[in-house]
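Here the structure is laid out as structure tokens; the discussion comes afterwards.
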Amino acid sequence: MNITRVARVLRDCQPEEEVEVRGWVRTIRAKPAFSFIELNDGSSLKNLQIVVDAAVDGYEESIKQIGTGASVAATGTLKESPGKGQRIEMHAATLRVIGTADAETYPLQKKRHSFEFLREIAHLRPRTNTIGAVARVRNAVTASIHNFFQSRDFVYVHTPIVTASDCEGAGEMFQVTTLDLTRLAQMKTEIDYSQDFFGKPSYLTVSGQLEAEIYATSMGDCYTFGPTFRAENSNTSRHLAEFWMIEPEMPFYELDDNMRLAEEFIRSVVTDVLANCSEDMEFFNLRIDKTLLETLKNITDNEFIRLPYTEAVEILEKSGKKFDYAVEWGRDLQSEHERFLTEEHFKQPVILFDYPRTIKPFYMRVNDDGKTVRAMDVLVPRVGEIIGGSQREERYDVLVDRMKECDVEPDDYWWYLDLRRYGSVPHSGFGLGLERLVQLVTGMQNIRDVIPFPRTPKNAEF
RNA sequence: UCCCCGAUAGCUCAAUUGGUAGAGCGAGCGGCUGUUAACCGCUAGGUCGUAGGUUCGAGUCCUACUCGGGGAGCCA
């Protein structure tokens, strides 16, 4: 007999069908004459209720061995459930305990646990309702992302994880080395990187953008989707040292095209997840954030606000609101400013663009006014900045000037500059943090709970 | 890294002005023929984050450290 997944049993199967299911016991209500087992196999939020009669072979011994967390296999006939809470249930013909779980030591109980506690048992937390639902939704989000780009003929480009170029100086980098650090520490001599694996200092990538630009200016529209590393000592609910980033890069796109794509992209993912994960999404709306579905509907139904930085500053200045940090043209907006715009003033996603050149990196295209660059940030309620992108500077001379202005050595980026020497074209792209997108979609407050194994300062267990 | 808050039973928390530890849930045992956060009864379970200090006496006050949470910066 084939094993049937619980999700399919609950959704498609009919009374009198015979099936075998295997999974983990969420809870058991045991009695002498018969027992109820709630079985979950990860395929759905809901459990399958298995009714086990005392007449089943080995009843007493099996029931004694089964507690929360045990793994079991059961065969039986499906019946319409007379009880409330489920359409269908299984009446077991056979029940086999595969692996027991000592109730004295098994950390998960059939009660609510704090997310802080669950992080300490990351090897068991996907067995909970919330983290299981996050895993399914995260999976659906990644599938939707690929669908979005593939259906638009974007090429998926695998950019390197290890890099010798400090791309754009986007934060502190993790150094990668095969040098014997213990010996080096004793020697107290200058480090000779020619002896290192790559013959020079190398690091984990902080962005695949520069390499994506290479493929965008040869293959056409493309995107990267991979792990990204930042060695910042960040301790917040929206930062990780290791996270996944999607970075589309499109030739012949100007900033307006870039903004349109970013907006369609987010809307498409939200629409897909609402359609494909309705049960999990209802759960998040009920248990995690009561305004979640409303917030997401707002995203699917309304155009994002597009607002030049300069106008944003004016709105903030006229708002009459007391901010901890003063608003002033030429300074970067603070979190409180961004949150005011997206959560209070507009109450919907906002795309800010045309930022002062002085606060943005060298590769962003300089506007005709000379004061601003074609940068854009997509801000969403709750999460804040979810996308950062720009139209890239395609003019060789302007780019070299900007590098010098930003203390970047042009010689180190000779290949990047070559793209401007040979067949240069206007092009644009952006970076979207997968975990922040999952936070937006699930309403989960802490980014550490939307990635299976979070890496943060002082934390790399599991 | 900075600011604020916290750490007490397996989990979530309580303990007046400093006087030697409690509840709910969970667990174990017993009961129960349709339960679904099952229910009812009994039982066990704690070097009060770590190290110092003040005091006749510290879970409670002081210092340092560790870890966690919220906010900030960095950004996605």
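A quick note: this is a predicted structure, and the numbers were derived from the prediction, not measured. Atoms considered below: every heavy atom in the structure, side chains included; atoms not considered: hydrogens, waters and symmetry mates.
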Problem set entry | Touch class at under 4.0 angstrom, heavy-atom based, for A:A30 against every strand present | base
Problem set entry | No-H, no-angle donor-acceptor pair, A:Q109 side chain to B:rG10 base, under 3.5 Å | yes
Problem set entry | Nearest-angstrom distance from the residue atom CZ of A:F323 to C1' of B:rG73 | 18 Å
Exercise. So is A:R112 actually on top of A:F115's ring, under 6.0 Å and inside 45° of the axis?
Worked result: yes
For this session: For A:S81, report the nucleic acid contact type (base, sugar-phosphate, nothing); a contact means any heavy atom under 4.0 Å.
Result: base
Exercise. Does a nitrogen or oxygen in the side chain of A:R448 sit under 4.0 Å from OP1 or OP2 of B:rG69?
Worked result: yes
For this session: Answer with base, sugar-phosphate or nothing: what part of the nucleic acid does A:K31 contact at a heavy-atom distance below 4.0 Å?
Result: base
Seminar exercise, completed: If pairing means Watson-Crick or G-U wobble with both distances under 3.5 Å, then the partner of B:rU1 is B:rA72
Exercise. Between A:R238 and B:rA72, is there a side-chain N or O to OP1/OP2 distance below 4.0 Å?
Worked result: yes
Exercise. What does A:E120 touch in the nucleic acid at a heavy-atom separation under 4.0 angstrom: a base, only the sugar-phosphate, or nothing?
Worked result: nothing
Exercise. Using a cut-off of 4.0 Å on non-hydrogen atoms, how would the nucleic acid contact of A:Y325 be classed: base, sugar-phosphate, or nothing?
Worked result: sugar-phosphate
For this session: Mind checking A:G83 for me? I need base, sugar-phosphate or nothing, with any heavy atom below 4.0 Å counting as a touch.
Result: base
Exercise. Any salt bridge between A:E328 and A:R331, counting N to O under 4.0 Å?
Worked result: yes
For this session: Could you list all the ring pair (Phe, Tyr, Trp, His ring centres under 6.0 Å) pairs where at least one residue sits in residues 437-462 of chain A, not counting sequence neighbours?
Result: A:H123-A:F462
Seminar exercise, completed: When rounded to whole Å, the CG to P distance for the pair A:L333 and B:rG73 reads 11 Å
For this session: Report yes if a side-chain nitrogen or oxygen of A:R339 is closer than 4.0 Å to either non-bridging phosphate oxygen (OP1 or OP2) of B:rA72; otherwise report no.
Result: yes
For this session: Check every atom of B:rG68, B:rA76, B:rG28 against the side chain of A:I447 and return the nucleotide holding the closest atom.
Result: B:rA76
Exercise. Base, sugar-phosphate alone, or nothing: which one does A:I387 contact when heavy atoms must sit under 4.0 Å apart?
Worked result: sugar-phosphate
For this session: Respond yes when some side-chain nitrogen or oxygen of A:Q334 is under 4.0 Å from OP1 or OP2 of B:rA72, and no when none is.
Result: no
Exercise. Hey, does A:P107 reach any base, or is it just sugar-phosphate, or nothing, if we go heavy atoms under 4.0 Å?
Worked result: nothing
Seminar exercise, completed: Pairing partner of B:rA44, by Watson-Crick or G-U wobble and under 3.5 Å for both distances, is none
Exercise. Between A:E393 and A:R374, is the closest basic N to carboxylate O distance under 4.0 Å?
Worked result: no
Exercise. How is A:N235 classified with respect to the nucleic acid when contacts are heavy atoms under 4.0 Å: base, sugar-phosphate, or nothing?
Worked result: base
Problem set entry | Sugar-phosphate, base or nothing in reach of A:R26, heavy atoms under 4.0 Å | nothing
For this session: State the pairing partner of B:rG6; accept Watson-Crick or G-U wobble contacts with both distances under 3.5 Å, and report none otherwise.
Result: B:rC67
Exercise. Between A:E279 and A:K46, is there a side-chain N and carboxylate O pair less than 4.0 Å apart?
Worked result: yes
Exercise. In terms of side-chain geometry, is the basic nitrogen of A:D289 or A:R382 positioned less than 4.0 Å from the acidic oxygen of its partner?
Worked result: yes
Problem set entry | Who pairs with B:rA37 - Watson-Crick or G-U, where each distance is under 3.5 Å | none
Exercise. Has A:F34 got its ring stacked on B:rG34, by the test of a centre gap below 5.5 Å and a plane angle below 30°?
Worked result: no
Exercise. So does A:S237 get a side-chain nitrogen or oxygen closer than 4.0 Å to the phosphate oxygens (OP1/OP2) of B:rG71?
Worked result: yes
Exercise. Using atom P of each nucleotide, how far apart are B:rU60 and B:rU55 to the nearest Å?
Worked result: 16 Å
Problem set entry | A:R152 NZ/CZ over A:F148 ring centroid, <6.0 Å and within 45° of normal | yes
Exercise. Under the 3.5 Å rule, do the base of B:rU35 and the side chain of A:Q49 count as making a donor-acceptor pair?
Worked result: yes
Seminar exercise, completed: Mate of B:rG26 across any strand shown (Watson-Crick or G-U wobble, both atom pairs under 3.5 Å) is none
Exercise. Less than 3.5 Å between a donor and an acceptor, one on the side chain of A:R436 and one on the base of B:rC75, is that the case here?
Worked result: yes
Heteroatom pairs (N/O) under 3.5 angstrom, protein to nucleotides 12-14 of chain B:
from	atom 1	to	atom 2	distance (Å)
B:rU12	OP1	A:S114	OG	2.8

For this session: Determine the contact category for A:Q445: base if any of its heavy atoms lies under 4.0 Å from a base atom, sugar-phosphate if only primed atoms, P, OP1 or OP2 are that close, otherwise nothing.
Result: nothing
Exercise. When you compare B:rC62 with B:rA7, how far apart are their P atoms, in angstrom units rounded to a whole number?
Worked result: 13 Å
Problem set entry | Touch class at under 4.0 angstrom, heavy-atom based, for A:E435 against every strand present | nothing
